[in-house]
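Here's the structure, in structure tokens; my notes come after.
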Amino acid sequence: MKQKIKDLIIRAAKSAFDKGSLPSNKFSDVELEEPKAEAHGDYSTNIAMVMASTQKMAPRKIAEAILTHLDDPDNILENTRIAGPGFINFFLKGASWLPVLSKVHEEESKFGACDLGRGKKIQVEFVSANPTGPLHVGHGRGAAVGDSLARILSFCGYDVTKEYYVNDSGRQIKTLGLSVFLRYKECWKEDIEFPEECYQGEYIRDIAKQVKEEKGKDLLGKDQEEAILYCARFASSKILGGIKKDLDSFGVKFDNWYSEQTLYDSGKVDSVIDNFKEKRIIYRKDGALWFKTSDFGDEKDRVVKRSNGLTTYFASDIAYHQDKFDRGFDEVVDIWGADHHGYIPRIAASIEASGFDKDRFKVTLIQLVNLLRDGVPVAMSTRSGTFDTLQEVIGEVDKDAARFIFLTRHHESPLDFDLELAKKKTNDNPVYYVQYVHARISSILRKAEKEKGIKDVTRDEKALLMLKEPEDIRLMKNMSRFPEVVVNCARFMEPHRLTFYLMGLASSFHTYYNKHKVLTDDIVLTQGRLYLVLAVQKVIKNGLFLLGVSAPEKM
RNA sequence: GCCCUCGUAGCUCAGUGGAUAGAGCGCUGGAUUCCUAAUCCAGGUGCCGCAAGUUCGAUCCUUGCCGGGGGCACCA
């Protein structure tokens, strides 16, 4: 529809030039927008104002010239108007919105899909929490955003791989092992000192008990290093299992779990360092190895190998990101907590140094989540009984509600997550507002079959002509925006746009529902409205799917 | 100190180089003999943090300032 009108405008401008009404044939790109105020039409363009300087004419004069040469072969325009400083407003005939209904019905679950990605391989890496403790709410937000983004990208023609990077190597894993080992010794009534840097959570004791059941007293007699290593491996695999389970119940599935340790085992980390040494972008200073990230736009150089001989996490991250491109991904998206933002320039530097275009690498930052209960912050203490793990939250709050709420903010704004609000099944809680549309329409369809004997909702030209109320048209107009919203979500990596769109569509529907009855004695009208309402249901369903939220038949 | 980010209605937040800047909540009143009231309708509010610049036009872009948050390790 939009393109159609753009074409009309271009043709009009050309013909205005041919007939001598416009002095120049330099036309700028037509920008067509949907005005906020309905009084400003269905579409509006600022082209006359933009062209004012090249045409050397007053904007309103240009607008007049274009309008007098405007031809409307398909007869879709009700009216056109010049307004304000030189806007051209287009008012469409109600019937020109009807094609969107057939489109929705034909394309069904594909309505809104597109080929923006052209099959490009894209990797979305998200959550990637260290396997040293359970996921907390913040990870939940990352999971919701990442998973939704992956769904949207895939809907937009990308070949998407969802990956979780497991930091199963390095110091914190050793700390985890030590923590568990100490708690294990405690189980055997040994006196221990539990250092502050060890993991304080209650879950460490649980894991220690499991070690005890599995190994009995064996570890007490063993070499301490070996025992700690055993505990570390045992604990991280247990915790990772828990993380997988939590994500599963949150509706998030990864295609790939990538282990950091394998980067060391395969020698990838060493070979990257050697390679950079050959390129003379790694040098030695004070006994450590430094990567000259400042040559690639970072503010200062970074250490990849410490003077004690141990590599830093940065070293494995360089190898990891190089590996992503080596695996053939055209684009790589990382979703990180906002506290990592200072890390972006050095990773970008490493990608460039590895010989890849750093524009193929994008980072989306997720801001903090503040967990509240009735407006009061929930204490995030390290003691037991805290309420900040993802598991506890989705134990109390519906998974759909949690996912939806995580997507009601721009991901770079901090988010307040109120547990009591999330549980409320009212208007305060936008999830149900949207899901309710789906359930209500299901209910209408059930009733249509039961009471009117209507089994199939079919397209009927006569019935379509009955859809001429302003509310009918508003719904169709709203649905026709869906594909564009999805594309913009993908383009800007902002799934929350979809959330807001769905709330708007839901609002239009609820208004409609209260004003007009779908099932009437007039069978033709009923057919038309069923056709309309079923289309709304399909769009809502597609939208909810892209958010990872279910579309219930009943509520 | 340097870097990033945010500052929009009483609250929580969307939004855009355009016309009269929006939504939900909260508050008040109303709607159901009829498809689910988890719904709808009506009622009002803004120096869009401040100042300058770019522009036909800035809340949006640029710069500076003020205020909140975050980041600046041979930590992860």
Quick one: [atom1] on [X] to [atom2] on [Y], what's the gap to the nearest 0.5 Å?
X	Y	atom1	atom2	value
A/F276	A/F291	CZ	CZ	4.5 Å
A/S148	A/E494	OG	CD	12.0 Å
A/L547	A/I152	CG	CD1	6.5 Å
A/L415	A/L372	CG	CG	9.0 Å

Should the pair A/Y343 and A/F314 be assigned to parallel (<30°), tilted (30 to 60°) or perpendicular (>60°) ring geometry?
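If you compare the ring of A/Y343 with that of A/F314, the planes turn out perpendicular.
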Hey, what's the ring geometry for A/H496 with A/H411, parallel, tilted or perpendicular (30° and 60° as the breaks)?
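Perpendicular.
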Please measure how far the [atom1] atom in [N] lies from the corresponding atom in [M], and state the result in whole Å.
N	M	atom1	value
B/rG15	B/rA51	P	25 Å
B/rG17	B/rC6	P	15 Å
B/rC11	B/rU45	C1'	13 Å
B/rG49	B/rC72	C1'	26 Å

Just to be sure I understand the rule, does [X] reach a base, reach only the sugar-phosphate, or reach nothing, if contact means heavy atoms closer than 4.0 Å?
X	value
A/A448	nothing
A/D418	nothing
A/P414	sugar-phosphate
A/F87	base
A/D298	nothing
A/K305	nothing

For [X] and [N], is the shortest distance between a side-chain N/O and OP1 or OP2 below 4.0 Å?
X	N	answer
A/R306	B/rC75	yes
A/Y436	B/rA38	yes
A/R302	B/rA73	no
A/T175	B/rC75	no
A/K447	B/rC34	no
A/Y343	B/rC75	no

Mark this stacking check for A/H341 against B/rG71 as yes or no, applying ring centres under 5.5 Å and ring planes under 30°.
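Taking the rule of under 5.5 Å and under 30°, the ring of A/H341 does not stack on B/rG71.
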Stacking of A/H340 on B/rA76 base (centres under 5.5 Å, planes under 30°):
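So A/H340 counts as stacking on the base.
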In residues 500-523 of chain A, which residues come under 4.0 Å of RNA chain B by heavy atom?
A/F500, A/H510, A/T511, A/Y513, A/N514, A/H516, A/K517, A/V518, A/L519
Please report, rounded to the nearest Å, how far the [atom2] atom of [N] is from the [atom1] atom of [X].
X	N	atom1	atom2	value
A/R60	B/rA19	CZ	C1'	11 Å
A/L368	B/rG70	CG	P	8 Å
A/L445	B/rU36	CG	P	11 Å
A/L498	B/rG15	CG	P	13 Å
A/E412	B/rC13	CD	P	15 Å

Choosing from [options], which nucleotide comes nearest the side chain of [X]?
X	options	value
A/D339	B/rG70, B/rA73, B/rA76	B/rG70
A/I444	B/rU12, B/rG15, B/rC35	B/rC35
A/V303	B/rC13, B/rA19, B/rC74	B/rC74
A/E299	B/rC74, B/rU36, B/rC72	B/rC72
A/E494	B/rC72, B/rG15, B/rU36	B/rG15

The residue among A/D456, A/D460, A/L525, A/I444 that forms side chain to side chain contact (heavy atoms under 4.5 Å, CB included) with A/L530 is A/I444
Over-ring placement of A/R440 relative to A/F509, 6.0 Å and 45° cut-offs
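Not satisfied by the 6.0 Å and 45° rule.
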Ignoring hydrogens and geometry beyond distance, is the side chain of A/N89 in donor-acceptor contact with the base of B/rA19 at under 3.5 Å?
yes
Can you check whether any acceptor in the base of B/rC74 is under 3.5 Å from a donor in the side chain of A/T312, or vice versa?
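Side chain to base: no pair present.
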As a quick check of understanding, evaluate side-chain contact (heavy atoms from CB on, under 4.5 Å) for A/K515 and A/E469, giving each step before the final call.
CA-CA 10 Å; A/K515 191 153 185 185; A/E469 299 288 345; over 6 Å; no
Taking Watson-Crick and G-U wobble contacts under 3.5 angstrom, with | marking pairs to another strand and [ ] crossing pairs, the secondary structure of RNA chain B is written (((((((..((((....[...)))).(((((.......))))).....(((((..]....))))))))))))....
Ring pair (Phe, Tyr, Trp, His ring centres under 6.0 Å) evaluation trace for A/F361 with A/H321
CA-CA 9 Å; A/F361 167 68; A/H321 283 86; 5.4 Å; yes
Can you confirm whether the side chains of A/S236 and A/D168 place a donor and an acceptor under 3.5 Å from each other?
no
